[in-house]
Amino acid sequence: MTPPVRSVNNQGDAPSDQVSLLAPSRGRDGRSLSSAATSVMAGSRSQASYATTNAPPGSFSSELRPVMSRDGRLRPDIDMHAFTVGDDGSSTTEQRQADLQDRLDKETKIKIGSENMLEALNAKNAKNVKDQRHKVEEELSISNRKIAELRLGLEAEKQRAKEMQSPPADPQSRLSYLFRRNISRSPSRHIAQKDQEEDQETESPSLVLSDLLQALEADGMQPEYYVERANSLVELLKRHPTLKYDLVWSIFGLRMQTMLLSDSREVVAAAYRVMRYAIADRKSLQIIRGLHTDCLVILSLVKESKASVEREQALKFVRAFLDVKDGVLEISRSVIRIIVAVAEHTEDRLRNIAILTLAEVLVRKPPLLVSAGGMGTLTDALGEGSYHAAESVASSFLYLLDTPRRRKFLRSGHELEAPFAMFTDAGATHGHLHEEKLKANAKVVATLLRSWPGLLALCMKDFLAIRSLLLSLKIPVPHVRNILLELLFDILRIKPPSWSSSFLAGRRLTTYGRVTNLKNQPTKDSSSTATESGSTKWNLLEHYVAVVLAVFLQAGLVPALLDAEEDPLTLPLKRKTTLLLGEVLKMANELLPPSWSASLQVLPQLLQTAANFQAEERFVAIGTIYQVDSVNRTLYRSGPASHHTSKVTDGNSNDASSRQADPSKAQAAMSIDEGAFRTLMVDTQVLNTVSFSKWRWDLIQQIIEGPLLSAKRLDEAMKATKFIHRLLGFYRPFKHRFSEIRNTKPNQRYVRAGCALIHSLLQNPEGVRYLSDSKFIRQLAECLAHFDRMSGLTSESPIFQIDRMNETLTGGYFALLGALTKDPRGIQILERWRVLNMFYHIIELNDRDDLIKMLLSNMDYSLDGHLRIIVSKAMTSCSKEIRIFSTRLLRKYATKAMQNAECSIAEWAIRLLVTQLYDPEVEVCEVAIKILEEACNQTLSLEYVVKCRPALDHLGEIGAPLLLRFLSTSVGYHYLDGLDYITREMDDWFLGRNDTYVALVEASMARALADIPEKPQPQQSYDDTLEPIEYGIVPPHFYRELTRTKEGCKLLAQKGHFDEFVASIRDFALENDDAETILKVKGCLWAVGNVGSMELGAPFLEKSDVVKWIVKIAEQSEVMSLRASAFYVLGLISRSLHGQEILLEYGWDGVVNEYGEALGFCLPLDFKRLFSITPWNIKPGDISWKRKADIKVAVTDSDPVNARILKLTTDLGNTVLAKKAASDLQAIKMKKAPGFTKPAIFDKVMQVLEAHHFRLPACRFVLDLFDKRVLRQIVLEEEEEDNDDDSNDSDSDMDETDTNGVPNAA
């Protein structure tokens, strides 16, 4: 039924509701519209309508072409606002929805028919089918569009039915109501925006662009009008990024110029924003600069802070140049001059972003910044302590330091010493602000010392900067010394031990050290002994820490710390100094050659003072020796030698097994007598009350892990008392006690106690029988049976529903079941109660990943049986997330040692992981690869992986590390040789992968030195996640793995690649300019170093003199990053004892541990040779300024008044003459001098501002003197209208033609 509507033709009257709102009209195809169609359409001049027909079922509807509106968006063919709302609003809304649904169903049938016909036509090969197919495709696209539009209308109607209130029933007010509703944007438009991603984009961007540019042509509108159009333009360019390549700049540029000349700051800001999004490439930047944007940007940036929006957008516009390739070449020096002025203005809101921009320009184009006078500004920002991102500025300076060509831009050579000044100048009068600045500068100093160029630069002139820093420890200001000590901890990468906070608080170390020692004992596990960690992870970061430590020791670190000990400002500072001294002595013993550390360990200065019996200071010295000795003993006792010299590969020290009591203590607890046992049970309060909150769980845990392991005591607890009965009853699901406890960390003790109880019961046949017959397992099986559809069990609130799993300890039941799976008798109990069957059903759930994760992570897969089938099923048939999760679970089993009885477990895990390599999701394969790579640290595991013959070709780069690992054994070598992998990979590395390896190593080192904190990972309920990525580790190298076997060494000798690398190093050892050659030398260095790090690679080093050239690079190269590579490579060579012998011939000493194994750290015997850098001298011709002639022209003019203006403008840059020059210029302005209205003079003033350094207020002052029309004349290139003086006119015209464009950067 058609709803009653009103006629549009009689809007003034109030006719009856029977009159039609829109008379039947003809569509574009000439067919008339039915009444059903017209009843839901409105004709509006501002909105396009679509003609629809009631075509017979199964036939094609006529073509329906949408009419584009002015803003380029399609309008839905239904205008819901034009509906007349009758007395019964709900009924008419329902009718409209039904009508729309009918039409939608018809269009869907038409679409299906079109698709069927298209399939039939595609099956034919006749020639005349082409036209028919084209017509059907056209009709199908029309149907799709109409369906989309009808869906939009239907959604809008449903939304309106919920939100719309009934309008007044009065017919007179009905029309005004409709128009009032039409003022707001149509809800269907909102829905259209929501469905933009789903529906096909139908707007024509070119048409919308032309509409918007035409709208911006209008004059005299409010600023909001232009800003809104500009924002629409930005949105359009965001939606269609390719549109900016097709812009007609003659039109687009003119619109932007007009907006940039507006008096409204918001309009100017909007124009900058539009132009920023219109930038495509360097050519577009050149076109934009042709619009005189340089002048406009300068005038925007010199404005006062109240124009913050405009200034911010102007600076962002300049920064957008840096995002384009070679875009920095299009930034003029005049613009950089103004940014420098902004950066120097301490109160300016844009100061920080200006400094950041200058730092980026310094990296991209140093000559531009130097010629614009920005180096001083950046140096000040580096050392003043108030710029919070000074580390980024330091990185820019470090980039310049690397090569001699870039180094010359650091004219004084002392720029990096600026942050040290605040430490050495510190006095006792400074307050909290000084402390904050010191902390900021400490971060900058740490950044400088974390890079090789920074370290080399600061070690010049006999370690002058480092020595000045250490001498600052003598300043008697507590916060200065505290920050310096923290800085030294940071630079030397010392992580204070767990007991340090107690020590700094003043507690004694004796008992605390014992506790720490006991806690660290279990970390050495049998599985870790078989892991060949020494051959897999070589830490470059520790080598760097070794050289930094040597630098500080050479500069006098130990005497400085001893002086600080003798003059402690506060007790906490004294303890902190003692702790640092102990750590330094320990590190020196582990990281440095004996020639370094031997003399340090005796602390000669302290011993000398302590032996002087005539002096009072001897007591302080003796106390210090005692404290340092105590700290050292505790450090050595509190863990495995050090994190520097040994790797603990077993990450399961926190496993439940490590929490078990010491065997001797457990044995003593089992032999407890009956009376003591009864007393202990009574003390737990379990026998006195059923309220578990009153039970003493520490005693319960003690009983479970001790006496209950004895058969006699267990029998007594089960039969003579209710102890076991009440404990198991507490865990029964239907008692709702354990399962209702909140899931918090302290409450995990209940889960631990439950697991221990099950473990103790399984150790005794009586306990097994009691557990098997208890209601605990039976009720748990019943709860799990809810997941079996065939069981018939249902519940309104299942115990394992999601919210309960998250909020309560319900998930702990899986930990209790996991405790059963560790024992064959426990498995039998689970089989008896069909629990394993329920596990199969849980794995098949599609919507309970949380439950599957909880199940998989708590089970034990050491025993062969159903659980292994369950985990393999999860790894192959569940969702991607579960497949990744279950793959990670196998890490614990795959990395087990294969020498003992656990061999079959590791083999099973490795077989499953090899299967995972063929998973369709790459992420799953990646996880499996990493675990297999870790398992291959053991030779037997590696051989078993090779035996499985995994195919890794389909994984590409992801599988490369595992294939490289195969090369390290003869079995793997022959397997890969059979696949023709070795020769292909060898040629690939020789021709290019070596260079890629350099980038990988340097990025890893930079990331490790940057010390960026890792994002906190969500707490997992299992401890089998992969280890976090370690940075600063030597990545796998093809030639290193190849040299592990005799076959590989033979192939390397046959190919002659090593000789080629040596020749490249010899020929280009001292190259300091060509980046490509330097990269090639670095690649050759790393290849030689990796070969030399193997014992089998020693003959290659002996046959050539390559070590001599590497030492020469490390000591003499002018390229600092090349020195770093050579230094690290020498460390690799010192990994083999044979390599250390060769190094000793060239004056470098290696480090070995107490077992005589090489650690890979080496230092020159003459330490200063490593830091011998020739100070760079700047020649005047190195940084020339090519525009001196232009500036001489700019400061002269034939008119004496104009010449006076230019001379006074120059004087504004002189602090002595500035005040007088400003008053004289103001006087000239008051006399209405014609020079302030001439574009030629404006251009000359701009050249003066570019040529000299001016403060921001001076720039603002001089530019504000000019008439506003001058800017319009320059930007729009209008002719001058001033004809007062012909000669002046001709001169000005001549100057204008010469200097109309904004000068380019030098």
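Computed from a predicted model, the values in this text were never measured in an experiment.
- The list of ring-ring contact (aromatic ring centres under 6.0 Å, His included) pairs with a residue in residues 296-332, not counting sequence neighbours, reads Tyr272-Phe317, Phe317-Phe321.
- Side chains of Glu344 and Thr377: a donor-acceptor N/O pair is present below 3.5 angstrom, by distance only.
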Taking it one step at a time, do Ser262 and Ser264 satisfy side-chain hydrogen bond (donor to acceptor under 3.5 Å, both in side chains)?
-> CA-CA 5 Å; Ser262 170; Ser264 169; 4.9 Å; no

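- The side chain to side chain contact (heavy atoms under 4.5 Å, CB included) test with Leu350 singles out one residue from Ile355, Leu315, Ile339, and that residue is Leu315.
- Listed by chain and number, the residues in a salt bridge (charged side-chain N to carboxylate O under 4.0 Å, His left out) with Asp1267 are Arg1269 (sequence neighbours excluded).
- For residues 345-359, every residue pair satisfying the salt bridge (charged side-chain N to carboxylate O under 4.0 Å, His left out) rule, not counting sequence neighbours, is listed here: Arg311-Asp348, Glu312-Arg349, Arg351-Glu384.
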CA sep, side-chain torsions, deciding dist, call: Leu1225, Phe1261, side-chain contact (heavy atoms from CB on, under 4.5 Å) = CA-CA 10 Å; Leu1225 280 171; Phe1261 171 77; 4.0 Å; yes

Do Lys1207 and Asp1211 pass the salt bridge (Lys or Arg N to Asp or Glu O under 4.0 Å) test, and can you show the C-alpha distance, the side-chain angles, and the key distance before you say yes or no?
-> CA-CA 6 Å; Lys1207 177 66 172 64; Asp1211 290 345; 3.1 Å; yes

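- Residues satisfying the ring-ring contact (aromatic ring centres under 6.0 Å, His included) test with Phe1236, not counting sequence neighbours, are Phe1266.
- With respect to Leu209, the side chain to side chain contact (heavy atoms under 4.5 Å, CB included) criterion is satisfied by exactly one of Ile251, Val248, Leu236: Leu236.
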Can you list the steps and then say if Arg276 with Arg319 is a side-chain contact (heavy atoms from CB on, under 4.5 Å)?
-> CA-CA 9 Å; Arg276 179 154 51 93; Arg319 286 180 59 77; over 6 Å; no

Steps toward side-chain contact (heavy atoms from CB on, under 4.5 Å) verdict (Leu1249, Arg337) = CA-CA 8 Å; Leu1249 293 180; Arg337 282 275 190 197; over 6 Å; no

Taking it one step at a time, do Asp402 and Arg406 satisfy salt bridge (Lys or Arg N to Asp or Glu O under 4.0 Å)?
-> CA-CA 7 Å; Asp402 193 25; Arg406 295 197 295 261; 3.7 Å; yes

Check step by step if salt bridge (Lys or Arg N to Asp or Glu O under 4.0 Å) holds for Asp281 and Lys325.
-> CA-CA 7 Å; Asp281 47 25; Lys325 185 182 179 183; over 6 Å; no

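- In this view, Lys1268 satisfies the salt bridge (charged side-chain N to carboxylate O under 4.0 Å, His left out) rule with no residue, not counting sequence neighbours.
- Screening residues 374-383 for salt bridge (charged side-chain N to carboxylate O under 4.0 Å, His left out), with sequence neighbours left out, gives no hits.
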